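Notes to accompany the following structure.
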Amino acid sequence: MTRYVGSCFFTVFVLLLWCVGDIADACKCSPPHPQQAFCDAEIVIRAKVVGKKVVSNAIKYDIQQIKMFKCPNQVIHAIFTASSPAACGVTLEINKEYLFTGRMNTDGRMRIVMCDFIQYWEDLNGTQKKSLTQRYRSGCDCTIIRCSSLPCPVSAPDECLWTDWLLADGQSGPQAKYSACLKRSDGSCAWYRGMAPSKK
């Protein structure tokens, strides 16, 4: 009987570890290229966090919207996220300005998760800030493919290889900071730094 009970406890312990591991793995994601994050998101805004409140298994961050880059035509007053990092919840600082990408729930609330592109506004460079108003949107017909080790195959002409997505210091390289994947005149896509390709 003792052996049976011990076996049951061991089985439950293993299952518990497996479930915890699955929850943790659910929030593991590689950093998105800001252009891809912009194109995949339903909402992209610049906002200042002005308040925080716990509401029914979630965190509600009151925000002051500064600029809308992509969204339904409405003002966002609050952002919701899971209350736990294990459930992909995001921790934000009060009185800080951020660039947020996220989605609109069916109840009309903006929701963010850990895998969204969320950056302090002051940490974005001038090229990234300008790209939010036009360049990223114009490149949404292209697809950015993350390449972890060369050589990486390109399966379609509308793809750009993101080869410096993770450098030795853990930060993205110039392709994320200064470049956008845009369509050329022949319909294929390529990286452009600073300026969009001319339409001849």
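Because the structure is a prediction, the values reported are computed rather than measured.
Between S131 and the choices Q134, K129, R135, Q128, the side chain to side chain donor-acceptor pair (under 3.5 Å) rule is met once, by R135.
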Solution key, residues 72-81 side-chain donor-acceptor pairs under 3.5 Å, sequence neighbours excluded:
unit_1: T81; atom_1: OG1; unit_2: V90; atom_2: N; d: 3.0
unit_1: T81; atom_1: OG1; unit_2: I112; atom_2: O; d: 3.0

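Residue I63 is not grouped with residue I66 when hydrophobic side chains (ILVMFWY) are merged at heavy-atom distances under 4.5 angstrom, including chains of intermediate members. Hydrophobic clustering keeps V50 apart from I94 (ILVMFWY residues linked when any side-chain heavy atoms are closer than 4.5 Å, directly or through intermediates). Both F38 and L99 belong to a single network of hydrophobic side chains, linked directly or stepwise wherever heavy atoms of I, L, V, M, F, W or Y lie under 4.5 Å apart. L132 and Y178 are not part of a single hydrophobic cluster, where members link through side-chain heavy atoms under 4.5 Å apart. The same ILVMFWY cluster, assembled from side-chain heavy atoms under 4.5 Å apart, contains both F69 and L124.
Listed by first then second residue, pairs satisfying salt bridge (Lys or Arg N to Asp or Glu O under 4.0 Å) with a partner in residues 54-79 read K60-D62, not counting sequence neighbours. Residues in residues 127-155 take part in no ring pair (Phe, Tyr, Trp, His ring centres under 6.0 Å) pair, two or more places apart or across chains. Applying the side-chain hydrogen bond (donor to acceptor under 3.5 Å, both in side chains) test to residues at least two apart or on different chains, the pairs with a partner in residues 90-102 are R46-E97, E93-Y120. Applying the ring pair (Phe, Tyr, Trp, His ring centres under 6.0 Å) rule to pairs touching residues 47-66 yields nothing, sequence neighbours excluded.
Remark: R137 pairs with no residue by the salt bridge (Lys or Arg N to Asp or Glu O under 4.0 Å) rule, at least two apart or across chains. The side chain to side chain contact (heavy atoms under 4.5 Å, CB included) check on C39 picks up Q35, C140, with sequence neighbours excluded. Residues that satisfy the side chain to side chain contact (heavy atoms under 4.5 Å, CB included) test with K130, not counting sequence neighbours, are absent from this structure. Applying the salt bridge (Lys or Arg N to Asp or Glu O under 4.0 Å) rule to D40 yields no partners; only residues at least two apart in sequence or on another chain are considered. Contacts of C71 classified as disulfide (SG to SG under 2.5 Å), with partners at least two apart in sequence or in another chain: none. Evaluation of the side chain to side chain contact (heavy atoms under 4.5 Å, CB included) rule for V54 yields I59 as partners, not counting sequence neighbours. N57 is linked by a side chain to side chain contact (heavy atoms under 4.5 Å, CB included) to nothing, counting only residues two or more places apart in sequence or in another chain.
The closest donor-acceptor contact from the side chain of N125 to the backbone of K177 lies under 3.5 Å. H33 places no side-chain N or O within donor-acceptor distance of the main-chain N or O of A180, the cut-off being under 3.5 Å. In this structure, W191 contributes its side chain and L161 its backbone to a donor-acceptor pair below 3.5 Å. Side-chain atoms of D116 do not come within 3.5 Å of backbone N or O of I118 as any donor-acceptor pair.
For the 3.5 Å distance criterion, the side chains of S155 and E159 qualify, holding a donor opposite an acceptor. Judged by distance alone, the side chains of D164 and W162 do bring a donor and an acceptor atom under 3.5 Å apart.
With a 4.5 Å cut-off on side-chain heavy atoms, S138 and L182 count as touching.
M114 and G89 make their closest contact through CE-O, 3.4 Å (heavy atoms, listed as atom of the first residue, atom of the second, distance). The minimum heavy-atom distance linking A82 with C88 is given by the pair CB-C, 4.5 Å. Closest heavy-atom contact between K183 and D141: CE-CB, 3.8 Å. Contact between A37 and F117 at its shortest, heavy atoms only, is CB-CB, 3.4 Å. Taking every heavy atom of both residues into account, R193 and P174 meet most closely at NH1-CB, 3.8 Å. Taking each heavy atom of G102 and A41 in turn, the nearest pair found is O-CB, 3.7 Å.
If you take CE on M110 and CD1 on I43, they are separated by 5.0 Å, rounding to the nearest 0.5 Å.
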May I have the step-by-step check of side chain to side chain contact (heavy atoms under 4.5 Å, CB included) for E42 and M104, ending in yes or no?
CA-CA 7 Å; E42 293 178 345; M104 188 72 78; 3.7 Å; yes

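Cysteine sulfur proximity is not satisfied for C160 and C189, their SG distance being 2.5 angstrom or more.
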